[in-house]
Amino acid sequence: MTCLHDRHINPLILADLDGQNWHLADYVKRGGYESLKRILSENITPEQVIAELKSSGLRGRGGAGFPTGLKWSFMPRQFPGQKYLVCNSDEGEPGTFKDRDIIRYNPHALIEGMIIGGYAMGITVGYNYIHGEIFDAYLRFEEALEEARAAGFLGDNILGTNFSFQLHGHHGYGAYICGEETALLESLEGKKGQPRFKPPFPASFGLYGKPTTINNTETFAAVPFIFKIGAQAYADIGKPNNGGTKIFSISGDVERPGNYEIPLGTPFSTLLELAGGMRGGKKIKAVIPGGSSAPVIRGEVMMDTTMDYDAIAKAGSMLGSGAVIVMDETRCMVKSLLRLAYFYYEESCGQCTPCREGTGWMYRMVERIENGHGKLEDLDVLNSVADNIQGRTICALGDAAAMPVRAFIKNYREEFEYHIEHKHCLVPAYI
């Protein structure tokens, strides 16, 4: 279910969509491609485009939250050879399902944002790497590309100017590791999807060894709306250092799971209300606010937190991809961690020893506790293993596997100890 609007909120990317009006003609009726037309017809310079993005405060919506305008400024515009623009639609993190809905319901916003990005950075070729398990979204994107090409928004001499931009969809293979930007590039090149050592960074050595800029689907899709309403107006939607709207994918024990686009800085309690509140009127117990890799937060703490990068970091977690997993009082924290530990164990690419060996070690220890064979010292060993993984791998998958382990034990240690001592769960529903 995707909730597209509410009377208290003015969405941008998900505004006025019903699942049927995704075609080019529908997008144009909503003011689509007007930002691109204005930039090209008014001869707004690439430098001005990047400056406008910086003023908007747009931060990467894929998880890292890096300022988009600053990232675009890293691209060496005067590089004499080919440069590339890549959209990361490899949405594989548990709990995350916003990017696929952007592609399904508003693909032309993404396409327009990428074209503007190509213009701003002097790039003529772009790719959208789409997660392998959402083939319907890939097909939708291909249809939208054909519409844009036929209308003259893509290809050579766009809208009669000397600016040309080619954009292609690429269907991935369902590997979570390919959500890491350099593993994505390896896969796009036809190789095994394993992360690269950095530096060099993609801005200097990216796709096929050429300068490359990579952004998330939601980041690109937000760009046309910034130029439609103005950078300052976009920044004013949110709060300082957290400008604009953000799509939150809320799932778990709520009445209306779905995607909700709200201003950054909105209280979590408001988001929970939009999602219909807790299912069955049960008490909130835990929230993972930014996808499965983000540290879990106790429910009562989350109820006093706002949905923005800074507030969630202060609460001890990360905004991440904006995937909000809500758990009620019937959920066993040991079993929840077991599911996450198994996922990261299965998805490790095996390149780095700490991650390859450590994720399996953590999974087996949590499984032992869940099955009534744990020892109290296992909790300290789990923390030790997590400490020896985090920060010691080529990419952040090691961190993603370690952080949930540490956070679950820190915030719900009494439940883990009860499980070990009594050989069953503290939660009555699981006994």
Side-chain angles (χ1 to χ4, degrees), residues 1-37 61 87 89 91 95-115 128 130-131 133-151 153-154 167 169 216-229 233-234 237 244-252 254-264 266 270-277 279 307 321-324:
M1 175 181 176
T2 300
C3 300
L4 305 177
H5 58 80
D6 181 85
R7 62 188 178 89
H8 301 297
I9 293 167
N10 295 310
L12 297 175
I13 299 172
L14 298 182
D16 302 319
L17 304 178
D18 60 14
Q20 303 298 319
N21 58 351
W22 62 269
H23 288 283
L24 174 62
D26 303 305
Y27 183 62
V28 170
K29 285 179 184 176
R30 299 193 297 270
Y33 289 107
E34 289 300 322
S35 294
L36 176 64
K37 290 177 182 177
R61 300 304 199 225
C87 177
S89 294
E91 188 173 48
T96 311
F97 47 89
K98 63 183 178 65
D99 294 341
R100 64 198 68 187
D101 272 4
I102 293 173
I103 297 172
R104 288 179 182 131
Y105 296 117
N106 207 359
H108 285 284
L110 168 58
I111 293 170
E112 184 179 8
M114 291 192 72
I115 298 169
N128 183 16
I130 301 172
H131 191 64
E133 293 163 354
I134 49 173
F135 191 67
D136 61 326
Y138 168 75
L139 294 177
R140 174 64 51 83
F141 187 73
E142 287 292 314
E143 288 185 69
L145 284 180
E146 288 303 315
E147 290 183 334
R149 290 190 190 105
F153 294 117
L154 276 176
L167 182 55
N216 172 256
T217 312
E218 186 183 354
T219 309
F220 280 122
V223 170
F225 299 98
I226 291 171
F227 289 90
K228 186 177 181 180
I229 68 174
Y234 184 83
I237 291 173
T245 63
K246 176 79 183 76
I247 301 172
F248 290 97
S249 305
I250 185 167
S251 63
V254 295
E255 291 286 355
R256 294 194 298 271
N259 285 317
Y260 295 83
E261 185 178 1
I262 58 177
L264 280 168
T266 299
T270 301
L271 176 62
L272 184 61
E273 181 184 351
L274 289 173
R279 184 183 296 143
M307 301 305 294
S321 61
V324 183

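In what follows, residues are counted from 1 in the order of the sequence shown.
- With rounding to the nearest 0.5 Å, the separation of SG in C87 from CD1 in I111 is 10.5 Å.
- K228 approaches S35 most closely through the heavy-atom pair N-OG, 3.4 Å.
- Proximity of the aromatic rings of Y138 and F141 is defined here by a centroid distance below 6.0 angstrom, and this criterion is not met.
- Using cut-offs of 30° and 60° for the angle between ring planes, the Y33 and F153 rings count as parallel.
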task = Quick one: do L145 and R149 satisfy side-chain contact (heavy atoms from CB on, under 4.5 Å)? Show the steps, please.
result = CA-CA 6 Å; L145 284 180; R149 290 190 190 105; 3.8 Å; yes
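- Taking CG of D101 as the reference point, atom OG1 of T217 lies at 11.5 Å (rounded to 0.5 Å).
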message = Quick one, T270 with I262, criterion side-chain contact (heavy atoms from CB on, under 4.5 Å). Give me CA distance, side-chain angles, the key distance, then yes/no.
response = CA-CA 10 Å; T270 301; I262 58 177; over 6 Å; no
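- Here the shortest heavy-atom pairing between P224 and F220 reads CD-O, 3.4 Å.
- For the pair R61 and T245, the tightest heavy-atom approach, listed with the atom from each and the gap, is NH2-O, 2.9 Å.
- Residues M307 and V324 are in side-chain contact: their nearest non-hydrogen atoms beyond the backbone lie under 4.5 Å apart.
- Here CD1 of I13 is found 4.5 Å from CD1 of I247. Values are rounded to the nearest 0.5 Å.
- Pairing each heavy atom of F225 with each of A109, the nearest pair is CE1-CB, 4.1 Å.
- Remark: E91 does not engage K98 in a salt bridge, criterion side-chain N to carboxylate O under 4.0 Å.
- For L167 against M114, the heavy-atom pair with the smallest separation is CD1-CE, 3.6 Å.
- Interatomic distance, H131 NE2 to R100 CZ, rounded to the nearest 0.5 Å: 6.5 Å.
- Between S321 and T96, the shortest heavy-atom contact is OG-OG1, 3.0 Å.
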task = Under the side-chain contact (heavy atoms from CB on, under 4.5 Å) rule, what do L12 and I237 come out as? Steps first, then yes or no, please.
result = CA-CA 11 Å; L12 297 175; I237 291 173; 4.1 Å; yes
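- Atoms CD and CG, from E143 and L24 in turn, are 12.5 Å apart once rounded to the nearest 0.5 Å.
- In summary, the side chains of S89 and N128 do present a donor paired with an acceptor at a separation below 3.5 Å, with no hydrogens or angles considered.
- Under 3.5 Å, the side chains of E147 and Y27 contain no donor-acceptor pair of N or O atoms.
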query = Please walk me through it: do R30 and N21 pass side-chain contact (heavy atoms from CB on, under 4.5 Å)?
reply = CA-CA 10 Å; R30 299 193 297 270; N21 58 351; 3.6 Å; yes
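- Taken from CD1 in I102 to CZ in R104, the straight-line distance is 11.5 Å, to the nearest 0.5 Å.
- For the pair N259 (side chain) and F97 (backbone), a donor-acceptor distance under 3.5 Å is present.
- Judged by distance alone, with hydrogens and angles left aside, the side-chain atoms of E218 form no donor-acceptor pair with the main-chain N or O of K246 at under 3.5 Å.
- Residues E112 and V223 fail the side-chain proximity criterion, which asks for heavy atoms closer than 4.5 Å.
- A distance-only check finds a donor-acceptor pair linking the side chain of E261 to the backbone of L14 [under 3.5 Å].
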